[in-house]
Trainee: 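Encoded as C-alpha cells, here's the structure I'll be asking about.
Because only heavy atoms are used, hydrogens play no part in the values below, and waters and symmetry mates are left out as well, while side chains stay in.
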Amino acid sequence: MRVVVDHQRCEGHGRCFAVAPSVYDVDDDGYSTIDEVTVAAGVEEAAREGAAACPRQAIAVIE
C-alpha cells in the first residue's frame, strides 16, 4: 500500500499526522512533508484513517 499527498490540495490542517503519526509527517505549519510513501506492514489502517481525516481529501491511498 502507498499513500500519495497532493500538495496543491493540502492546506496544512495536520489532521493526517494527528491521527496517524506513524505514517504521516508534517512541517511546523502543518503541511505534509511527504510526497509518496510505502506504508509499513501493520499500520495500513492508520494510513487509511489519516487520509480520511484530511478535510481537503489531499491524500490518496493506493492499495
Trainee: What is the distance from atom OG1 of Thr33 to atom CG of Asp25, rounded to the nearest 0.5 Å?
Mentor: 3.5 Å
Trainee: Can you tell me how far apart CD (Glu11) and CZ (Arg56) are? Round to the nearest 0.5 Å.
Mentor: 4.5 Å
Trainee: Of all heavy-atom pairs between Val3 and Ile34, which one has the smallest distance, and what is that distance?
Mentor: CG2-CD1, 4.2 Å
Trainee: Shortest non-hydrogen contact from Ala58 to Cys54?
Mentor: N-SG, 3.3 Å
Trainee: What's the shortest heavy-atom distance between Arg15 and Ala53, and which atoms?
Mentor: CD-O, 3.4 Å
Trainee: Evaluate the salt bridge (charged side-chain N to carboxylate O under 4.0 Å, His left out) criterion for residues Arg48 and Glu63: first the C-alpha distance (whole Å), next the side-chain angles of each, then the deciding distance (0.1 Å), finally the verdict.
Mentor: CA-CA 10 Å; Arg48 288 184 197 96; Glu63 304 215 31; 3.0 Å; yes
Trainee: Nearest 0.5 Å, please: how far is CG in Asp29 from SG in Cys10?
Mentor: 10.5 Å
Trainee: Any heavy-atom pair between the side chains of Val61 and Met1 that's under 4.5 Å?
Mentor: yes
Trainee: List, by chain and then residue number, the residues other than Val19 in its hydrophobic cluster (Ile/Leu/Val/Met/Phe/Trp/Tyr, side-chain heavy atoms under 4.5 Å); write none if there are no others.
Mentor: none
Trainee: Atom CD of residue position Glu36 - does it have more than 12 heavy atoms of other residues, nucleotides or ligands inside 6.0 Å?
Mentor: yes
Trainee: Roughly how far, to the nearest 0.5 Å, is CD1 of Ile62 from CZ of Arg2?
Mentor: 4.0 Å
Trainee: Report the residues that fulfil side chain to side chain contact (heavy atoms under 4.5 Å, CB included) with Asp35, sequence neighbours left out, ordered by chain and then residue number.
Mentor: His7
Trainee: Considering all heavy atoms of both residues, which atom of Ser32 and which atom of Val5 are nearest to each other, and what is their separation?
Mentor: OG-CG2, 3.6 Å
Trainee: Are any of the side-chain heavy atoms of Ile59 and Tyr24 separated by less than 4.5 Å?
Mentor: yes
Trainee: Within the distance-only criterion (no hydrogens, no angle test), does the side chain of Glu44 pair as donor or acceptor with the backbone N or O of Gly42 below 3.5 angstrom?
Mentor: yes
